[in-house]
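Below: one structure, written as structure tokens.
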Amino acid sequence: MHPDSADGDPLTAAVDLARAAAEETAGDPTLVGGHLGATPEPLGDPAGGVPPGALGQVLTHSFASRQPGYVGWHWAVTLARVPDGDEVTVDEVVLLPGDAALLAPAWVPWHERLRPGDLSVGDVLPATEDDPRLVPSYTTEDDAAADPEAQALATELGLGRERVMSREGRSTAAARWLAGEFGPRAAMARQAPGPCGTCGFFLPLAGSLRGLLGACGNEYAPADGRVVAVDYGCGAHSQATLAAGEPAEVVTSARYDTADFDVL
């Protein structure tokens, strides 16, 4: 009888059977360590009139794990026997984490793991039904409908997109663009002759973002085709030009006035 057995219980005494099952599952006997103990599993329903032991007995033996990368884990081998029977059978063998086990990080949904720039050619990024950045077009709070120059909402009702950006989505996008390389705090903007809001190549966005952002239409500007802040600017500003026909003076000698002199 095994030293861990109690009152000759076949399940408690079947340590060798449990170890053999763990070693078979591990594929290598050296990966199964010492016996850690045995825990009876509840079987029966006293409240429902089924006393413990009426359906048989179940007990789980635990063994230390020597599996590489599984520090703090243990092998759990569950054994069972029918009522009044001596034959012990193996129910399952699993590797379980202990209180100090090394565990994988908590699962993070794919749409929360993605970062700007992760999407590559051929990838598809569907929006979730509960995406807070989008709302049904008929509930949009965009003020474009009141803008005579940008009737964006009117074309969506019943005719256009099913969902449009919510107020939260627009605010998040605006904050991201304003803090980016084409925002008002960019080094280029600080050295510019004027802000984009006064540039003839600036194409304002519609609706509530009109006063903050627009697109650059100057092919020679670093932000051509990009969303820029009204307060961004660069050296390609439309007002940073010479008057047509104005000659550029080229000085090739030192500028000293030798045509006159002073009498001291």
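Scope of the values below: all heavy atoms of this structure, side chains included, with no hydrogens, waters or symmetry mates. Numbers here simply count residues along the sequence, with the first being 1.
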Exam field: side chain R170 to backbone M165, donor-acceptor pair closer than 3.5 Å: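 Yes, because the side chain of R170 sits within donor-acceptor range (under 3.5 Å) of the backbone of M165.
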Under 3.5 Å donor-acceptor, R19 side chain and A14 backbone: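 Flag not set: sc R19 to bb A14 has no pair under 3.5 Å.
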Find out whether [X] and [Y] are in side-chain contact, i.e. whether some heavy atom of one side chain is under 4.5 Å from a heavy atom of the other.
X    : Y    : value
M188 : Y232 : yes
F63  : V15  : yes
T89  : R81  : no
V228 : E181 : no
V230 : P195 : no
L17  : V90  : yes
R210 : L205 : no
Q57  : P40  : no

So which atom in [X] and which in [Y] form the shortest heavy-atom distance, rounded to 0.1 Å?
X    : Y    : result
G183 : A229 : CA-CB, 4.0 Å
A192 : G233 : CB-C, 3.2 Å
A189 : P184 : CB-O, 3.7 Å
L31  : A26  : CD1-O, 3.8 Å

Any residue meeting side chain to side chain donor-acceptor pair (under 3.5 Å) with D28, in chain and number order, not counting sequence neighbours: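 Here the qualifying residues are T30.
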T198: partners by side chain to side chain donor-acceptor pair (under 3.5 Å), with sequence neighbours left out: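 T198: side chain to side chain donor-acceptor pair (under 3.5 Å) contacts with H237.
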Step-by-step side chain to side chain contact (heavy atoms under 4.5 Å, CB included) determination, S62 to H35: CA-CA 6 Å; S62 298; H35 186 250; over 6 Å; no
Which residues satisfy the side chain to side chain contact (heavy atoms under 4.5 Å, CB included) test with [X], sequence neighbours excluded?
X    : answer
T78  : V58, T60, D91, E92
A64  : L36
F201 : C199, N218, S238
S171 : R167

State the [atom1]-[atom2] distance between [X] and [Y], to the nearest 0.5 angstrom.
X    : Y    : atom1 : atom2 : value
T12  : H61  : OG1   : NE2   : 6.0 Å
D224 : E219 : CG    : CD    : 7.0 Å
L95  : H74  : CG    : NE2   : 8.0 Å
W75  : T25  : CH2   : OG1   : 6.5 Å
L203 : L213 : CG    : CG    : 13.0 Å

From CA spacing to verdict: side chain to side chain contact (heavy atoms under 4.5 Å, CB included), S65, V32: CA-CA 5 Å; S65 171; V32 181; over 6 Å; no
With hydrophobic residues grouped by side-chain heavy-atom distances under 4.5 Å, do [X] and [Y] end up in a single group?
X    : Y    : result
L178 : F202 : no
L103 : Y70  : yes
V227 : F182 : no

Audit row: E41, L59, side chain to side chain contact (heavy atoms under 4.5 Å, CB included) steps and yes/no: CA-CA 5 Å; E41 304 290 349; L59 180 139; 5.8 Å; no
R66 to W73, cation-pi by 6.0 Å centre distance and 45° axis angle: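 Not satisfied by the 6.0 Å and 45° rule.
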Heavy atoms of other groups near E24 CD, more than 12 under 6.0 Å: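 Check fails, neighbour count at 12 or below.
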Whether over 12 other heavy atoms sit under 6.0 Å from R185 CZ: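 Incorrect, the count does not exceed 12.
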